[in-house]
Each structure stands twice: as C-alpha cells, then as structure tokens.
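Below is one structure, written out as structure tokens; comments come after it.
From a predicted model like this one, the values you see are computed outputs, not experimental measurements.
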Amino acid sequence: MKFTTRNFITLGVKAFKLMFDVIKHPQLVDRYKHFKKLSCTCRLYCVKALRSKKPKSEIQRQHYHFIDRHQVKVIGGDGGNGCISFLRLFKNPIAGPDGGDGGNGGHIIFEANRNIKSLNHVEAIVKGEVGGNGKGKDMHGANGEHIIVQVPMGTSIRENSQVVGDLDTEGARFVAAKGGAGGKGNHFFLSNENRHPNVAELGALGEERVYILELKIVAHAGLVGFPNAGKSSLLRAISRARPKVASYPFTTLSPHVGIVHYDDYEQVAVADLPGLISGAHQNRGLGLFFLRHIERCVFLLYVVDLSRPSPLDQVFSLKFELEQYQTGLSNRPHAIIANKVDLPESASNLKELEQGANMPVFPISAKLGTNIGSVLRHIRELYDQHNKDKLQW
C-alpha cells in the first residue's frame, strides 16, 4: 500500500467509523484490528521530531564537578547490646529476668535514581545507624534506620576488581553493607534449668566493605568521534542541551545527554561523549575513563570531520578503538554523521566517504543546521528497530 496524505485521511475516517460499528456489530472486530494495524504503520511513517522554538537561556549556570568514578567505604550500623535486668514486683521481688534485646543496625543501600547525573555527592565513608540497646521490662532497642545512597542510573559496583552490582534500571537497589544483629537480653536465656540467667549478648558489628562506583551513561544513541569533530555542536542542534563548544580539542571533558522529542511523545536520549584519539584503549588521552560510557548506548553515531583528509580512515580508527576496548562493541547498530559539509574542502572527502562506507552516511552542517532533519529521522528508525523497550526515558 502506498502511503500518501490522501490515504492517511481515508484510512483514518474508515477506522473511526469502524469504532462505532464494532459496538453495534461484534463480528466486525477482526476488520477493526486490521485497520488499526495499518493506521499504526502510517503513524510510524509520518512521525516528526519536535523543534523547540523557545530560545535557550543565556544564563551561565555554575557547573558542578562531574565525577564518574568514586571509591566509597561503607560500614553497616552496629547492633544494640542486650540488657541484663530482673523484674521486681510488689510482693514478688524476684519476678524473673526481663532484659530486652538490642535493635538491629541499619543497612547501607545504593539505589538508582534517574534524576541524579553524577557521583559527586557520595561521601567517601558512609556509616549506618546504630541499633538501640535493650532495656528492662522487656523493652527492645530500636532498629537503626537504613541509609539509602542515591546514585545515578547506570552505576556499576565493583569490589576487588569484580562487578558485584549493576544498577541499570530506575529504583534498582544493592545492599552494600548489612547492619549487625542486635544482642539478646537475659530474658532470652530463661529456661527450666536456668531460672535467673545473668548473661546477655553484645550487638554484632556491621559489615565493612570498600567499593568502586563507576558511572556509565545510559542513553539510546552515543556520539563517537575524534576531538573537534562537532559532536557538541550536533547535540546543541538536535536538543536543548548546552555542552561547551570551542575551537580547541577536548572541549568536552564530561558526557552530556540531550533529549530529542518526537510528536508521538517518544523521547530519545543522545549522549555527547568526550573525543577519542588513537590508542584510547591503551588509556591514552581521556582513554578508559570515557570509553566505558559507550557500553550502555543502544546504537552509535560516528561523527567525522569532512574538512580533514581521509574521513573513512577516521571511521575505521574509531571502530578499531571500540573493538579493542570490548569485543563486539563496534558491531552495534550505527551510522556515519559527516559534519562540516559547508566547508569547501568537504565535497571531495564526502564522495570518498560515501563510496567506501558500508553504512548510512548523512552529510550535515551542525553549525548551520543543514540536513539535520534526516539525522533525526534516522535516529528514530534506529530507536524503533533496536531499542525494543530496553531503555525508557
């Protein structure tokens, strides 16, 4: 079926009429499902990216120090001590033991929160709350409150160079250190053989561990390229994000995430990752500190500079660095964004790139906004084909 504007209107009218016919004639349910499926297909073809007309703020906000790797020592709360006490009543001075149990210590829990973007707020040492001591008259001590440390979604937790936790979904939790159990009071030890126990337990100590928290940016698309390829300018052009743009290399020192809005209320997250150089997998340049952010991206967009010679070699070099860092990382769904097409020396390089590349090539100018619409449409196609509800914003 050829999708035209006239077909869209006709199909919509027929589906609208069938909605009322199904109420009167239940046997038309199959026909209604068929038209509903076709209308959804039409919707996919005509979806458009929303371009905000509201001007971006010119206020220079104070940027916080971005931290994506942090060592933290967690100590669970100690349990409360049990109590040794004997009840004395009127005309019964030896009524028996009545020492209460100590309360349990509080746990240390890491919880993923999508509203937090950095680890700069996490303290180096986190201690749990201590449980209360037991008292006479069988009064147990209060349990210590659990300490919940909010961390960004996409944080991996390592202990002794091994991954022990991965908080990649909203609200995911990891118990980092358990609190100690409360000690038993002397009432617990009452038995037929020992009617007056003069013993109680001390509260157990909380667990003490050291973890390495590593943040891996969670986004649908990742912009990968060499320094000064125009990744930050592209993110500014397709979203309301405001990464720093300058004419010197390594302008972007921390990842930035921009949201692309579509008219069917879908939101696609695009991450601007710091520039890579040859030998990044050997920790050259920013190296391994930012290569790990690419692991979470569903698909990749290689941003190349057409003003430089041999743009195809740039793509091969980027794919080589990704493959050396993690096998199979370069095989994820991808496309080439050929930036700076407005420069005169880009024409010959573009022909060379289109002839040698075996993937979609989109020549654009992020500065002037040339051909940005085709990039947004292709981002949505990759999102619909490969996301499959793995990541929701």
Side-chain angles (χ1 to χ4, degrees), residues 65-76 106-128 146-179 206-222 224 254-255 257 269 271 273-274 276 279-300 319-333 386-393:
H65 184 53
F66 180 82
I67 298 178
D68 62 346
R69 182 185 176 89
H70 185 56
Q71 177 174 308
V72 56
K73 181 178 182 180
V74 292
I75 304 173
H107 303 334
I108 306 297
I109 301 174
F110 294 138
E111 183 180 39
N113 189 335
R114 67 169 67 247
N115 296 323
I116 296 177
K117 305 301 181 184
S118 174
L119 296 171
N120 60 340
H121 67 285
V122 180
E123 298 180 358
I125 300 177
V126 182
K127 295 182 179 181
H146 300 319
I147 303 298
I148 299 179
V149 181
Q150 302 286 343
V151 296
M153 191 171 65
T155 301
S156 64
I157 304 169
R158 293 179 179 270
E159 184 181 20
N160 299 327
S161 70
Q162 294 184 351
V163 178
V164 295
D166 197 0
L167 307 180
D168 56 352
T169 58
E170 172 70 13
R173 289 188 171 188
F174 174 79
V175 180
K178 294 182 179 180
E207 291 183 340
E208 181 176 336
R209 295 192 175 184
V210 178
Y211 295 104
I212 300 294
L213 304 183
E214 291 184 349
L215 171 59
K216 300 178 182 179
I217 291 296
V218 179
H220 299 110
V224 184
S254 61
V257 178
L273 305 175
L276 303 178
H281 68 281
Q282 299 174 345
N283 209 19
R284 295 180 181 175
L286 297 178
L288 302 179
F289 286 100
F290 294 104
L291 271 172
R292 61 173 175 268
H293 292 295
I294 305 176
E295 298 179 29
R296 304 280 190 182
C297 297
V298 180
F299 50 91
L300 305 177
K319 296 185 69 175
F320 175 77
E321 294 298 331
L322 298 184
E323 196 66 24
Q324 292 298 313
Y325 173 72
Q326 185 182 95
T327 304
L329 189 58
S330 63
N331 296 329
R332 293 189 180 181
H386 303 287
N387 188 55
K388 297 179 182 179
D389 297 330
K390 294 179 181 178
L391 173 61
Q392 297 292 334
W393 275 76

- By ring-ring contact (aromatic ring centres under 6.0 Å, His included) - contacts of His70 (at least two apart): none
- Only residue of Glu159, Glu208, Glu123, Glu207 satisfying salt bridge (Lys or Arg N to Asp or Glu O under 4.0 Å) with Lys73 is Glu208
- Query: Is Phe110 close to Thr155 at the side-chain level, that is, under 4.5 Å between some pair of heavy atoms?
  - Reply: no
- Asn115 backbone acceptor or donor facing Asn113 side chain under 3.5 Å: yes
- Task: Look at the side chain of His121 and the backbone N and O of Gln150, then say whether any donor-acceptor pair between them is shorter than 3.5 Å.
- Result: yes
- Task: For residues Gly128 and Ile147, report the shortest heavy-atom separation together with the two atoms involved.
- Result: CA-CG1, 4.0 Å
- What is the minimum heavy-atom distance between Arg173 and Ile148, and which atoms define it? NH2-CD1, 3.3 Å
- Query: How far apart are the closest heavy atoms of Met153 and Glu170, and which atoms are they?
  - Reply: SD-N, 3.3 Å
- Query: Roughly how far, to the nearest 0.5 Å, is CD1 of Ile75 from CD1 of Ile125?
  - Reply: 6.0 Å
- What closest approach, in Å, do Ala177 and Gly76 show between heavy atoms, and which atom pair accounts for it? CB-N, 3.8 Å
- Could you check whether the rings of Tyr211 and Phe174 sit parallel, tilted or perpendicular, using 30° and 60° as the cut-offs? perpendicular
- Smallest separation among heavy atoms of Leu213 and Leu119, with atom names: O-CD1, 3.7 Å
- If you round to the nearest 0.5 Å, how far is CG of Leu322 from OG1 of Thr327? 11.5 Å
- Compare every heavy atom of His107 with every heavy atom of His146, then report the nearest pair and how far apart it is. ND1-N, 2.9 Å
- Message: As an exercise, state the distance from NZ of Lys178 to CD1 of Ile108, rounded to the nearest 0.5 Å.
- Response: 13.5 Å
- Item | Spacing of CZ belonging to Arg158 relative to CG belonging to Asp166, to within rounding of 0.5 Å | 9.5 Å
